[in-house]
Amino acid sequence: MSLNAIMGDRDGARGGNSVVAFAPPSTVRCCRSATWSAVEIETTEVLRHEPFAYEFTAPRHLLIASATDRYDGETRVDGLPGSHLRAWNRKMTFVPAGCQFSGWQKPRGLCRGAHLYIDPRSSLLQTDLRFAEIQFRPRLLFFDRDLWDTTAKLRAQVGSSDQKQTAYAEALSIALACELMRVNESGLPAVTRSRGGLPEWQQKKLMQYIDEHLAEDVSLSSLAVLVQLSPYHFSRMFKQSFDTPPHRYLTNRRIERAKSLLAARKLSVTEIGLNVGFSETSSFTSAFRKVTGETPTDYRRRVAAK
């Protein structure tokens, strides 16, 4: 699989776009957006478990907050080596104005992320910060808690028209610029790389086994036996490879399968819970809400209303 193979002859995802372009466009959509003096934000949602490509080049900075892992893919930013990292959940990418950002991926789940476009010449960021004069370096798939938290606060303001909330969003925009300046001056590596963990063939074997046995009681020991490791070493190496413990990974996969079944509207919520390994509807509802922020019934209604 490659970027060109996905994009083909399509013109809609070429560089020079003011926002990130996706191909095919039906795989990802913009859910909500908001624009303030210095920052424009779009929340995006992956709609299909299919490979898609993306590309972006513009005279403004781009900060991406990702919320799902990927089965496969490659991401590139001018000036850095490409990354095949699969663990994308809670990862961020920063693309300075004028740099090209591109890649492709096969997503592991249908979830939402955020794209923040920062105008380096906005008057809001010039008086004290002189933001336009800073030579920012690209960063690919990194994590910084303060920057992540500020991004989350900005995302929470999308859809608000209250004047006080607008003033708060402007203040958060300044905070975001300060966080970007701090990260730019820090010693954080420009590219996050895989560190140790399970070999690729073992990762694929585990992913396939888990997806084929979601309705069953999948124990830590059974997964460890599958790759011939002790439970202790398996748990440690699994987290290094997938950036999450085995039990949480299993729960997330069950919830992703449940989302697909809820959208199909062929089974009841109780039947879907049993289908993905929950013996009681209450435990299914609790796990679903913890991962998605809404109940299975609410999710089904929201999807049906689209």
Side-chain angles (χ1 to χ4, degrees), residues 1-3 5-6 20 22-24 26-29 31 43-54 64-75 82-93 103-115 140-143 148 192-195 197-216 218 223 226-227 234-235 237-264 272 275-277 287-288 290-294 296 299 303:
M1 186 67 65
S2 68
L3 178 64
I6 300 172
V20 176
F22 297 95
S26 57
T27 55
V28 181
R29 70 167 184 141
C31 301
T43 59
T44 58
E45 182 176 19
V46 177
L47 302 176
R48 294 182 176 85
H49 291 93
E50 299 173 1
F52 63 87
Y54 43 87
I64 300 174
S66 306
T68 187
D69 296 335
R70 60 183 178 183
Y71 277 114
D72 199 4
E74 180 182 13
T75 304
S83 174
H84 295 85
L85 188 71
R86 290 194 176 95
W88 266 42
N89 189 30
R90 291 175 66 82
K91 290 293 189 296
M92 309 183 80
T93 291
W104 71 273
Q105 69 186 67
K106 183 179 180 182
R108 289 200 59 78
L110 307 180
C111 71
R112 295 184 178 183
H115 293 170
L140 186 57
L141 300 174
F142 69 99
F143 179 75
W148 180 273
T192 296
R193 299 188 181 278
S194 299
R195 53 202 186 282
L198 299 163
E200 185 173 342
W201 70 269
Q202 289 185 337
Q203 293 182 37
K204 290 183 177 180
K205 186 175 184 178
L206 287 164
M207 288 189 293
Q208 182 177 354
Y209 179 86
I210 289 172
D211 282 351
E212 290 176 353
H213 296 81
L214 291 178
E216 303 171 19
V218 181
L223 294 175
L226 197 65
V227 292
F234 167 74
S235 182
M237 295 177 73
F238 187 99
K239 187 172 182 180
Q240 287 178 331
S241 300
F242 293 92
D243 208 31
T244 190
H247 69 277
R248 189 175 301 166
Y249 177 90
L250 175 61
T251 298
N252 289 340
R253 293 307 301 151
R254 283 173 167 162
I255 299 306
E256 289 302 326
R257 176 71 59 81
K259 285 181 179 180
S260 298
L261 295 174
L262 287 164
I272 291 172
N275 233 288
V276 296
F288 194 95
K290 186 175 181 179
V291 173
T292 68
E294 56 188 340
Y299 176 84
V303 172

Given side chains that start at C-beta, do those of Leu223 and Ile210 come closer than 4.5 Å, heavy atoms only?
yes

Spatial distance of atom CZ (Arg254) from atom CG (Asp211) [nearest 0.5 Å]:
11.5 Å

Work out which heavy atom in Trp148 is nearest to a heavy atom in Met92; give both atom names and the distance.
CE3-CG, 3.6 Å

Atom pair OH/CD of Tyr54 and Gln105 - distance to nearest 0.5 Å:
4.5 Å

Would you confirm whether Ser241, through its side chain, and Leu198, through its main-chain N or O, come within 3.5 Å as a donor-acceptor pair?
yes

Any side-chain heavy atom of Gln203 within less than 4.5 Å of one from Arg86?
yes

Considering all heavy atoms, the nearest Ser235-Pro246 contact:
OG-CD, 4.0 Å

Output, in order, the C-alpha distance, side-chain angles, deciding distance and verdict of side chain to side chain contact (heavy atoms under 4.5 Å, CB included) for Phe234 and Leu226.
CA-CA 10 Å; Phe234 167 74; Leu226 197 65; over 6 Å; no

Straight-line distance of Phe143 CZ to Arg90 CZ, nearest 0.5 Å:
4.0 Å

Are Val303 and Lys259 close enough that some pair of their side-chain heavy atoms sits under 4.5 Å apart?
no

Start with the C-alpha gap between Val28 and Glu45, add the side-chain angles, then the distance that decides, and say whether side chain to side chain contact (heavy atoms under 4.5 Å, CB included) holds.
CA-CA 6 Å; Val28 181; Glu45 182 176 19; over 6 Å; no

I'd like to check Trp104 versus Asp72 (side-chain heavy atoms, cut-off strictly below 4.5 Å). Are they in contact?
yes

Quick check with a 6.0 Å cut-off and a 45 degree axis cone: is Lys106 positioned over the face of Tyr71's six-membered ring?
yes

Min side-chain heavy-atom separation Glu50-Pro107 under 4.5 Å:
no

Approximate separation, where rounding is to 0.5 Å, of Ile64 CD1 and Lys91 NZ:
14.5 Å

Ile272 side chain reached by Leu262 side chain, heavy atoms, under 4.5 Å:
yes

Yes or no on side-chain hydrogen bond (donor to acceptor under 3.5 Å, both in side chains) for Arg70 and Thr75, after CA distance, side-chain angles and deciding distance?
CA-CA 11 Å; Arg70 60 183 178 183; Thr75 304; 3.0 Å; yes

Taking C-beta and beyond as the side chain, do Thr244 and Asn89 meet within less than 4.5 Å on heavy atoms?
no

Can you tell me how far CD1 of Ile255 sits from OG of Ser260, rounded to the nearest 0.5 angstrom?
11.5 Å

Sidechain N-carboxylate O distance under 4.0 Å for Glu256, Arg253:
no

Give me the ring orientation class for Phe238 and Tyr249: parallel if the planes are under 30° apart, tilted from 30 to 60°, perpendicular past 60°.
perpendicular

Could you go through the side chain to side chain contact (heavy atoms under 4.5 Å, CB included) check for Leu214 and Asn275 one step at a time?
CA-CA 8 Å; Leu214 291 178; Asn275 233 288; over 6 Å; no

Within this structure, what is the OG-CG distance for the pair Ser83 and Leu141, rounded to the nearest 0.5 Å?
4.5 Å

Locate the shortest heavy-atom distance separating Gly73 from His84; write the atom from each residue and the value.
O-CD2, 3.3 Å

May I ask you to test the Arg29-Leu47 pair for a side-chain heavy-atom distance under 4.5 Å?
yes

Any donor-acceptor pair under 3.5 Å linking the side chain of Thr27 with the backbone of Ala23?
no

